[in-house]
Amino acid sequence: MRFTLSSTALNSRLQILSKVINSKNSLPILESFLFQIRSGQVTITASDSENVMQVTLPLDETDGDGDFAVPSHTILDAVRELPEQPLTFDVNLNSYEVAVAYQNGVYHFTAQNAEEYPHNEPINGDVHVITINASVLNDNITRTLFATDNNDIRPVMNGILFDLSADCLAFVASDGHKLVRCRNYDIKSETPASFILPKKPATLLKNSMGKDGGDVVIKFNDKAAEIRYADGVLICRLIEGVYPNYNAAIPSDNPNELTIDRKTLHSALRRVLPFASMSSQLVRFRLEAGGLELSSQDIDFATSAKESLICEYNGQPLVIGFRGDFLMEILSTIDVDEIKMMLGDPSRAGVIVPSEQPEGEDVLMLIMPLLLND
């Protein structure tokens with residue numbers, strides 16, 4: 001069997017697929033890419049047994065159909081350094097000898113029998129379907145992914161909750177210290193449904209989906225999801241369990257409102273944070289009409305920093321502490337010019353929202369305060 005395709009197109013897809021493969025696999029065959037040649041196209045698959053990602057590429061030339069598996073390191077090393085040019089694969093499906101001819105040379109290596117590669121189980125049973133724009137999905141994964149947890153005791157916190165209701169589709173993530181809830185009001189269903197997407201497939205999607213639009217179709221049941229987008233398909237096992245009541249954690253009556261330029265606050269935190277305690281990362285906010293003072297100190301090393309910022313503040317004078325690194329993560333993720341912080345007392349969570357919400361969406365981030373000693 002012989003086929004020809006672009007070296008650049010093959011390399012770009014293999015680089016994405018390589019992120020699926022684990023360094024240690026339960027099955028040796030999972031260290032390989034599965035190549036399936038059908039009707040003038042090649043479908044390439046990578047799997048770690050819980051996540052399966054596939055991409056399909058058009059072939060310039062082909063003389064038949066067939067399946068084989070190629071060790072991932074071998075093919076990645078072979079095509080990584082090649083400039084754009086046609087690659088011609090000559091595969092003996094009996095001996096699994098492979099020759100890859102390029103402009104000035106040829107690679108020889110041995111493939112594996114594709115029959116050993118595990119097959120995907122279809123998504124069936126009580127199946128729900130969500131159709132969402134690729135750029136919208138990418139934006140919401142980016143906003144929430146950083147807030148997921150690494151928790152063996154509560155594994156449901158280790159992923160992004162997709163919560164579909166009659167009002168909206170909510171994307172939620174929390175590690176107990178910070179929480180993100182992004183609602184999209186264009187996507188809704190009279191039949192409520194939800195699933196928790198683990199961190200690895202969420203990261204794979206974020207890095208592989210195009211941001212130029214196009215629809216993504218998500219089919220899911222209570223155990224797995226199939227996500228089809230323009231460049232391929234991802235099939236993944238979901239996190240099973242009940243996600244905590246995230247709405248109950250969001251205070252609705254924080255009366256003190258701070259409005260400030262996001263980049264100004266982020267820059268000030270970058271200057272003040274290095275002088276905070278390495279263990280607590282505590283940055284103190286002192287708020288009064290027309291002004292915000294940020295301060296930090298590390299008593300053990302006799303360091304401190306203080307900076308005053310001009311802002312709009314409506315509320316009672318307040319002193320509250322936050323972890324500076326967590327707050328910087330939140331500010332880095334909200335892609336707007338100006339943000340609002342709604343604050344209550346020094347023991348109540350702070351709520352951060354864009355001054356102007358994206359059209360058809362509601363973005364909210366929450367950060368828990370740190371206890372102040374004085």
Side-chain angles (χ1 to χ4, degrees), residues 19-26 30 47-52 126 128 140-165 169-183 192-207 218 220-225 227 234-252 276-283 320-330 332-333 344 346-352 363-372:
K19 304 297 191 298
V20 180
I21 299 174
N22 289 334
S23 56
K24 295 181 180 179
N25 293 284
S26 55
L30 294 181
S47 173
D48 65 0
S49 77
E50 292 191 353
N51 304 286
V52 180
D126 188 11
H128 303 270
N140 282 286
I141 289 176
T142 301
R143 290 177 188 141
T144 51
L145 190 57
F146 80 97
T148 54
D149 203 0
N150 295 300
N151 193 323
D152 293 333
I153 299 173
R154 289 196 299 172
V156 293
M157 308 293 282
N158 298 345
I160 300 171
L161 173 68
F162 286 58
D163 192 8
L164 183 64
S165 67
L169 171 62
F171 303 83
V172 182
S174 177
D175 61 3
H177 303 286
K178 51 189 179 290
L179 180 147
V180 180
R181 185 196 67 193
C182 303
R183 289 171 168 169
S194 66
F195 68 91
I196 305 171
L197 183 67
K199 191 178 301 186
K200 181 174 179 177
T203 304
L204 290 169
L205 272 177
K206 177 177 176 289
N207 294 333
I218 305 173
F220 65 96
N221 58 21
D222 59 344
K223 295 185 182 298
I227 305 168
L234 173 66
I235 301 166
C236 63
R237 189 177 300 171
L238 300 173
I239 298 174
E240 297 182 46
V242 179
Y243 205 86
N245 183 357
Y246 57 89
N247 286 314
I250 301 171
S252 58
S277 165
M278 292 182 66
S279 59
S280 70
Q281 300 284 295
L282 170 64
V283 175
I320 189 170
F322 296 110
R323 271 196 69 127
D325 53 345
F326 288 172
L327 190 53
M328 284 178 64
E329 282 185 309
I330 289 174
S332 298
T333 308
S347 63
R348 192 184 303 177
V351 175
I352 302 170
V363 177
L364 180 148
M365 303 197 181
L366 176 149
I367 182 169
M368 297 300 295
L370 294 180
L371 184 66
L372 298 175

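- Side-chain contact, D163 with Y246: a donor N or O sits under 3.5 Å from an acceptor N or O.
- The two residues T148 and A173 have their closest heavy-atom pair at CG2-CB, 3.8 Å.
- To the nearest 0.5 Å, atom OG of residue S47 and atom CD1 of residue I21 are 8.5 Å apart.
- For the pair H128 and P192, the tightest heavy-atom approach, listed with the atom from each and the gap, is CE1-O, 4.4 Å.
- Closest approach of G241 to I196, counting heavy atoms only: O-CD1, 4.1 Å.
- We find the CG-CZ distance between N140 and R183 to be 13.0 Å, quoted to the nearest 0.5 Å.
- V156 is not listed as a side-chain neighbour of V242, based on a closest heavy-atom distance of 4.5 Å or more.
- Under the side-chain hydrogen bond (donor to acceptor under 3.5 Å, both in side chains) test applied with K200, the options N22, N158, N51 reduce to a single match, N22.
- D152 CG: 12 or fewer foreign heavy atoms inside a 6.0 Å radius.
- Counting heavy atoms from C-beta on, the side chains of K178 and E329 come closer than 4.5 Å.
- In this structure, the separation between CD1 on I218 and CG on L169 is 7.5 Å, given to the nearest 0.5 Å.
- A heavy-atom distance below 4.5 Å is found between the side chains of I352 and L327.
- Counting heavy atoms from C-beta on, the side chains of K206 and T142 come closer than 4.5 Å.
- Contact detail for R154 and P244: the closest heavy-atom pair is NH1-CG, 4.3 Å.
- Annotation: the span from L197 atom CG to L238 atom CG amounts to 7.0 Å, rounded to 0.5 Å.
- Here the CZ-CG distance, from R181 to N247, works out to 5.0 Å after rounding to the nearest 0.5 Å.
- Shortest non-hydrogen contact noted between F322 and L370 is C-CD1, 3.9 Å.
- In this structure, the side chains of V363 and R143 come closer than 4.5 Å at one or more pairs of heavy atoms.
- Annotation: the span from L371 atom CG to I320 atom CD1 amounts to 11.0 Å, rounded to 0.5 Å.
- Using bins of under 30°, 30° to 60° and over 60° for the plane-to-plane angle, the ring pair F220/F195 lands in the tilted bin.
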Legend entry - CA sep, side-chain torsions, deciding dist, call: D126, D222, side-chain contact (heavy atoms from CB on, under 4.5 Å): CA-CA 8 Å; D126 188 11; D222 59 344; over 6 Å; no
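- In this structure, L366 and P251 have side chains that are in contact, with non-hydrogen atoms separated by less than 4.5 Å.
- Across I239, D175, D149, a single residue satisfies side-chain contact (heavy atoms from CB on, under 4.5 Å) together with M157, and that is D149.
- When the options L30, L204, V52, L234 are evaluated for a side-chain contact (heavy atoms from CB on, under 4.5 Å) with V20, the one that passes is L204.
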